[in-house]
Amino acid sequence: MSGPTRGDVGQPSELPTVPREPRLVQIAHLAKGGRWRVEAMRAHSEPCLLWFSRGQGRITLAGVTRGYGPNNAIFIPPGVMHGFEISNQTHGQALFFGRDSDIVLPPAAHHLRIREAIAQGEIGSILEAIQRENESTRPAADRALRSHLGLLSVWLERQIASNASEAIRPSAARRLVTRYAFLVEREYRAGTPVADIARELGVTPTHLSRACRDACGKSALELMQERRLYEARRLLRDTPVPIKEIAQLLGYRSAGYFSRAFQAGTGSTPIAFRRAT
């Protein structure tokens with residue numbers, strides 16, 4: 001796939017910006033408008049914490065897939081690719097910290113299995129307080145909200161420390177896939193071929209794809225395509241950006257090529273997807 005390099009195409013003014021303020025959202029609500037919103041590979045430009053209180057499935061975080069279940073906390077820094085399965089039994093909350101958040105947070109992604117009842121109760125209480133103050137019109141609600149976000153930061157730091165012995169030591173192959181996932185996030189708009197990224201990583205495309213399949217069940221090309229198609233669906237559904245411009249933004253050589261790739265990956269044409277409610 002060829003197309004413009006990064007910086008060749010400007011960002012349309014219609015693209016939504018990330019809010020500055022934190023938001024607490026029910027995980028089930030994240031899939032409103034389609035399960036692709038949570039299951040397809042994508043990344044946020046703000047920190048996010050997922051708290052699963054019920055249900056189970058698989059989550060792919062920075063290119064590595066693991067199972068999740070009740071009382072799992074997953075911290076996702078900005079720019080980290082992820083996607084997770086969701087069902088009617090999945091319950092929990094997603095806390096988005098907001099653009100330019102200055103709350104002290106971990107620099108890396110973490111998947112924590114919270115087994116202690118006390119710690120489970122603590123995060124439930126903190127999230128409830130965050131929601132209450134976020135919706136409050138009482139005096140000093142903003143300071144109270146910031147205080148509770150600070151408590152959550154402390155809770156997260158302590159849980160990372162107490163779960164250190166259970167952390168999975170990544171193999172060389174998993175470290176490779178994690179590096180690849182970060183490069184996908186950097187390059188997916190430029191239409192950079194997977195072979196070029198493999199070369200930057202110092203491996204062959206075949207070796208890279210084998211490592212990706214071992215880590216998450218998808219080839220290197222499938223991860224790249226899924227990331228681009230997620231962004232395409234988001235732009236089609238959430239913005240008025242013309243299809244031709246979306247094709248340019250995502251590095252496709254033409255609107256026609258983009259339409260064929262979109263239909264092959266989603267089963268729908270871009271026009272039909274945009275018109276669907």
Side-chain angles (χ1 to χ4, degrees), residues 1 27-28 30-31 34-44 48 50 52 54-77 79-90 92 94 108-113 166-189 191-234 250 261-268:
M1 292 175 289
I27 284 178
L30 295 178
R35 288 171 59 172
W36 60 269
R37 290 188 181 272
V38 294
E39 295 185 350
M41 291 295 106
R42 80 278 188 199
H44 300 304
C48 174
L50 302 175
F52 292 99
R54 201 169 77 191
Q56 59 185 7
R58 294 182 302 173
I59 182 167
T60 301
L61 188 61
V64 177
T65 300
R66 295 179 65 190
Y68 74 83
N71 302 313
N72 278 205
I74 298 161
F75 177 73
I76 308 171
V80 173
M81 257 192 4
H82 63 282
F84 59 90
E85 298 172 344
I86 192 170
S87 71
N88 292 335
Q89 286 72 47
T90 306
H110 291 274
H111 184 154
L112 307 170
R113 306 184 191 280
E166 297 183 12
I168 297 176
R169 187 177 181 82
S171 64
R174 290 199 168 194
R175 289 197 298 272
L176 171 64
V177 176
T178 295
R179 289 168 60 203
Y180 173 66
F182 277 101
L183 292 178
V184 167
E185 188 59 28
R186 188 189 76 185
E187 299 291 340
Y188 77 92
R189 287 180 180 268
T192 304
V194 170
D196 289 0
I197 299 179
R199 190 178 303 113
E200 182 174 343
L201 292 169
V203 298
T204 66
T206 300
H207 178 77
L208 178 60
S209 272
R210 187 183 303 119
C212 288
R213 286 196 183 279
D214 289 344
C216 65
K218 299 175 182 178
S219 71
L221 180 58
E222 286 172 330
L223 285 174
M224 175 66 81
Q225 290 175 331
E226 192 169 322
R227 180 64 183 98
R228 296 175 87 192
L229 287 176
Y230 171 86
E231 193 67 11
R233 284 182 286 197
R234 187 185 72 84
L250 296 178
F262 187 89
Q263 186 165 13
T266 68
S268 172

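Keep in mind that the numbers below use all heavy atoms, side chains included, and drop hydrogens, waters and symmetry copies. Sequential numbering from 1 along the given sequence is applied to the chain's residues.
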Please report the interatomic distance [atom1]([X]) to [atom2]([Y]), rounded to the nearest 0.5 Å.
X      : Y      : atom1 : atom2 : answer
Cys216 : Arg174 : SG    : CZ    : 9.5 Å
Met81  : Leu183 : CE    : CG    : 10.0 Å
Ile86  : Arg37  : CD1   : CZ    : 12.5 Å
Arg199 : Thr192 : CZ    : OG1   : 11.0 Å

Pairwise side-chain contact, [X] with [Y], heavy-atom cut-off 4.5 Å (strictly under):
X      : Y      : value
Phe75  : Leu112 : no
His44  : His82  : yes
Glu187 : Asp196 : no
Tyr188 : Glu226 : no
Lys218 : Leu223 : yes
Leu50  : Ile59  : yes
Tyr180 : Val194 : yes
Arg66  : Arg113 : yes

Using every non-hydrogen atom in the two residues, find where [X] and [Y] come nearest and quote the distance to one decimal.
X      : Y      : result
Ser219 : Cys212 : C-CB, 4.0 Å
Ala181 : Gly63  : CB-N, 3.9 Å
Asn72  : Gly67  : OD1-O, 4.2 Å
Pro77  : Ala108 : CG-C, 3.5 Å
Gly79  : Ala43  : C-CB, 3.8 Å

Discussion item. Tell me which one of Arg227, Arg42, Met41 satisfies side-chain contact (heavy atoms from CB on, under 4.5 Å) with Glu185.
Written reply: Arg227

Practice prompt. Pick out which of Thr206, Leu208, Leu201 makes a side-chain contact (heavy atoms from CB on, under 4.5 Å) with Thr204.
Written response: Thr206

Practice prompt. Would you check if the side chain of Glu85 reaches a backbone N or O of Arg58 as a donor-acceptor pair within less than 3.5 Å?
Written response: yes

Worksheet item: Just by distance, do the side chain of Thr178 and the backbone of Ala62 share a donor-acceptor pair under 3.5 Å?
Response: yes

Worksheet item: Got more than 12 heavy atoms from elsewhere within 6.0 Å of CZ, Arg213?
Response: yes

Worksheet item: Going through the checks in order, is the side-chain contact (heavy atoms from CB on, under 4.5 Å) test met by Trp36 and Leu229?
Response: CA-CA 10 Å; Trp36 60 269; Leu229 287 176; over 6 Å; no

Item to complete: May I ask you to decide whether Glu231 forms a salt bridge with Arg228, counting only side-chain N to carboxylate O separations under 4.0 Å?
Response: no

Item to complete: Measure up the Phe84 and Tyr68 rings against each other and bin them: parallel (under 30°), tilted (30 to 60°), perpendicular (over 60°).
Response: perpendicular

